[in-house]
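Heads up: the structure comes next, in structure tokens.
Both counts, for ligands and for their atoms, begin at 1 and track the order of listing. Side-chain atoms are counted along with the backbone in the values below, which use heavy atoms only and exclude waters and symmetry mates.
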Amino acid sequence: MGLDVVWEPLSRYPHLPSHIRSWLQDSGSLTDRIESACSVFNLTLIGEGEAQLHACERQSLHINATDNHTVREVLLCGDERPWVFARSVIPPELMSSEFNQLGEEPLGRRLFNDARFRRGEFEVCRIRHTAFTPEIELPLWGRRSVFYFQQHALLVAELFLPASPLYQTGS
Ligand SMILES: C=C(O[C@@H]1C=C(C(=O)O)C=C[C@H]1O)C(=O)O
């Protein structure tokens with residue numbers, strides 16, 4: 001599953017409810033925030049390997065179709081429920097160095113423990129995807145940002161799934 005959607009700057013939504021804005025613009029590690037919001041945290045690795053990129057991903061990273069990048073897709077689960085689907089586009093040079101042997105270790109553990117990574121601005125998307133059986137009123141919210149490291153850039157996109165606390169007003 002990809003996130004080939006329309007991305008807009010977060011500033012496009014100046015009047016978001018505070019519980020939604022709080023999650024979308026949280027500049028810390030999402031893994032850490034999810035871990036602190038549940039009793040049992042689990043990361044499920046859906047896939048990791050070279051894959052076709054969406055046009056919106058290539059545009060974000062300023063790469064062309066022939067550039068090889070690794071796509072990593074995971075589910076971040078809180079208390080046995082899927083809270084976030086994440087899709088990251090990672091240059092091979094980083095997969096063989098800073099992100100070597102990542103497996104089911106959260107990407108954020110490496111990113112946020114290395115001051116050499118710099119995070120760019122957030123963009124957000126809204127998905128009215130009928131495939132989801134919404135326990136919440138649609139749309140689903142997603143966010144993405146680029147992390148810069150030396151001459152490399154990697155894209156991290158996160159879709160907040162219906163069970164995510166982002167949709168709960170008290171979160
Ligand atoms: C960037 C982070 O890493 C999280 C873990 C990911 C992974 O392991 O692939 C991808 C995106 C994030 O949800 C974070 O914790 O903020």
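Take Phe149 and apply the ring-ring contact (aromatic ring centres under 6.0 Å, His included) test, not counting sequence neighbours, and it matches Phe117. When the salt bridge (Lys or Arg N to Asp or Glu O under 4.0 Å) test is applied to Arg118, no partner is found at least two apart in sequence or on another chain.
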Practice item. Start with the C-alpha gap between Phe112 and Phe147, add the side-chain angles, then the distance that decides, and say whether side chain to side chain contact (heavy atoms under 4.5 Å, CB included) holds. Key: CA-CA 10 Å; Phe112 290 92; Phe147 287 83; 4.0 Å; yes
Review point. Would His152 and Leu154 satisfy side chain to side chain contact (heavy atoms under 4.5 Å, CB included), going step by step from the backbone distance to the final call?
Key: CA-CA 7 Å; His152 304 300; Leu154 72 133; over 6 Å; no
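Side-chain contact between Trp83 and Leu30 is absent, with no heavy-atom pair separated by less than 4.5 Å.
Sorted by first then second residue, the side chain to side chain donor-acceptor pair (under 3.5 Å) pairs that include residues 38-53, not counting sequence neighbours, are Asn42-Thr44, Glu48-Arg72.
The contact shell of ligand 1, taken as protein residues with any non-hydrogen atom closer than 4.0 angstrom, comprises Ser29, Leu30, Thr31, Leu43, Arg72, Val74, Leu76, Ala86, Ser88, Glu105, Pro106, Leu107, Gly108, Leu111, Phe112, Val156, Glu158.
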